[in-house]
Structure formats: structure tokens, C-alpha cells
Amino acid sequence: MDVLYAESAPITSARKNQNIYSAARELKGLTQEVAAERLDISVESLGAYEQDRRRPPDSTVLRMAQLYDFPYLCYQHIQSGDLAGVLPQVGVRTLEHATMRLIRLIGRFAKDGRLDQLMEINEDGVITTEEKPLHDEIMSELHEIVTAALELDFASGGKNG
């Protein structure tokens, strides 16, 4: 049986304070020399990225993520740059934890009747002052569900993230 993703993977405690690009490369088991050659960049450039002396271009990070089989690197790259805060903060979770969290959040959303409430609030195209607190609460829950879905995608080694 091939293992696509192991729960020990992405970030171990030893890697938490490590540069995201070097952590991803080391997780794949590649040396700087081999990675640089496969990425078609110089070892010096890769070293500069991994020592936070230079920020790699998005296209290089995409190639790194593909080479390292680690799509979460693209997400980390975005979160570490000027666009930080645009996307939700996605944590690294085990496959089991991410699955259970997403199912629990969706179940609670459905059990609480949030779909019907959202339709009632938004179907007329107007959110009244009275409706706004409930609308904001529902939107907050939806954001949490989206975050959980992204965590599951990364935990399963998905290429959608």
C-alpha cells in the first residue's frame, strides 16, 4: 500500500521555527544541490530563499511545491508575504483530525439550521440591522468550515490547496 501522506509529515516540532522552503525540501529528503538542479535555479539562489535573504518568486515556489510534493508550501508562501491575512489561517493537522473537525463543523451548521437561516436573511437581497448579527455569526461559521476544508485538503496531500 502506498502512503500518500503520513501524519508525522509536514511540520514537526524541530521544523516549526525553520524556514518554510528548507523545511519542505528536507521533508522530501533532497539536498540543496539536487533541489536547485531540478528547480533550474542556482544553489546560491536556493540558499538565499532558505536563509530568508531573498523572497522566491511565486513561479519558483510553485515548482518547489510540485517537486517536494508539498502543496501547503504555496499557502505558507502567500501567508508569509504581502497577502498575509487575505486567506484564512490554516493549521497543519493530521488527516484524522482534519476529517473529524470538518465533519463536526458541517454537522453542527446543518443541525443548527444555518442553511435555512441564511436563505431567510439573504433571499430578499437585503440584510437588515436586525438580521446582521445572525448573518455575521453564520458567515463566521462558514469561514471556519472553509478553513477546515483547506486543512483537510492539505492533510490529504491534495493538489487543490
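Note: Tyr75 and Tyr72 have parallel aromatic rings, judged against thresholds of 30 and 60 degrees for the angle between ring planes.
In this structure the side chain of Phe70 reaches within 4.5 angstrom of the side chain of Gln76, judged on heavy atoms. Residues Glu137 and Arg114 meet the side-chain proximity criterion, which asks for heavy atoms closer than 4.5 Å. Thr147 has its side chain out of reach of Gln89: every pair of non-hydrogen atoms, C-beta onward, lies at least 4.5 Å apart. Under the 4.5 Å side-chain criterion, counting only non-hydrogen atoms from C-beta, Leu39 is in contact with Met64.
The backbone N or O of Gly85 sits less than 3.5 Å from a side-chain atom of Gln79, completing a donor-acceptor pair. The backbone N or O of Val43 lies less than 3.5 Å from no partner atom in the side chain of Gln32, so there is not a single donor-acceptor pair. Proximity of a side-chain donor or acceptor of Ser140 to a complementary backbone N or O of Asp136 within less than 3.5 Å is not detected.
By the criterion of side-chain heavy atoms lying less than 4.5 angstrom apart, applied directly or through intervening Ile, Leu, Val, Met, Phe, Trp or Tyr residues, Met139 is not grouped with Met119; the two fall into different hydrophobic clusters. Under the 4.5 Å side-chain heavy-atom criterion for grouping Ile, Leu, Val, Met, Phe, Trp and Tyr, Ile103 is not connected to Leu150 through any hydrophobic cluster. Leu67 and Leu62 are members of different hydrophobic clusters when ILVMFWY side chains are connected at heavy-atom separations under 4.5 Å. When the side chains of ILVMFWY residues are joined at heavy-atom separations under 4.5 Å, either directly or via intervening members, Ile138 and Val126 end up in two distinct hydrophobic clusters.
Annotation for Tyr49 and Pro57: closest pair OH-CD, 3.6 Å, computed over non-hydrogen atoms. Across Ala155 and Ala98, no two heavy atoms sit closer than the pair CB-CB, 4.0 Å. Smallest separation of non-hydrogen atoms from Leu46 and Ile41: CB-CD1, 4.0 Å. Across all their heavy atoms, Tyr21 and His77 have their closest contact at OH-ND1, 2.6 Å. Smallest separation of non-hydrogen atoms from Leu30 and Val34: CD2-CG1, 3.9 Å. Nearest approach of His135 to Leu118, heavy atoms of both residues: CD2-CD1, 4.0 Å.
One finds the CD1 atom of Ile121 at 11.0 Å from the CG atom of Asp116 (value rounded to the nearest 0.5 Å). To the nearest 0.5 Å, atom OG1 of residue Thr94 and atom CD of residue Glu151 are 10.5 Å apart. Note that OG1 of Thr99 and CD of Glu96 are 7.0 Å apart. Values are rounded to the nearest 0.5 Å. Atom NE2 of His97 is separated from atom CZ of Arg104 by 7.5 Å, given to the nearest 0.5 angstrom. The line from OG1 of Thr31 to CD of Glu26 is 10.5 Å long, rounded to the nearest 0.5 Å.
Under the 4.0 Å criterion applied to side-chain N and carboxylate O atoms, Arg101 and Glu144 are assigned as salt-bridge partners.
Within 6.0 Å of CD on Gln51 lie more than 12 heavy atoms contributed by other residues, nucleotides or ligands. By the neighbour-count criterion of 12 heavy atoms within 6.0 Å, atom CG of Asp82 is sparsely surrounded, having that number or fewer from other residues, nucleotides or ligands.
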Pair Leu105, Glu141 - check side chain to side chain contact (heavy atoms under 4.5 Å, CB included), show working.
CA-CA 8 Å; Leu105 291 171; Glu141 291 173 18; over 6 Å; no
Taking it one step at a time, do Met100 and Leu152 satisfy side chain to side chain contact (heavy atoms under 4.5 Å, CB included)?
CA-CA 9 Å; Met100 289 185 290; Leu152 177 57; over 6 Å; no
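Within the structure, every pair that satisfies the salt bridge (charged side-chain N to carboxylate O under 4.0 Å, His left out) test and touches residues 38-63, not counting sequence neighbours, is listed here: Arg25-Glu50.
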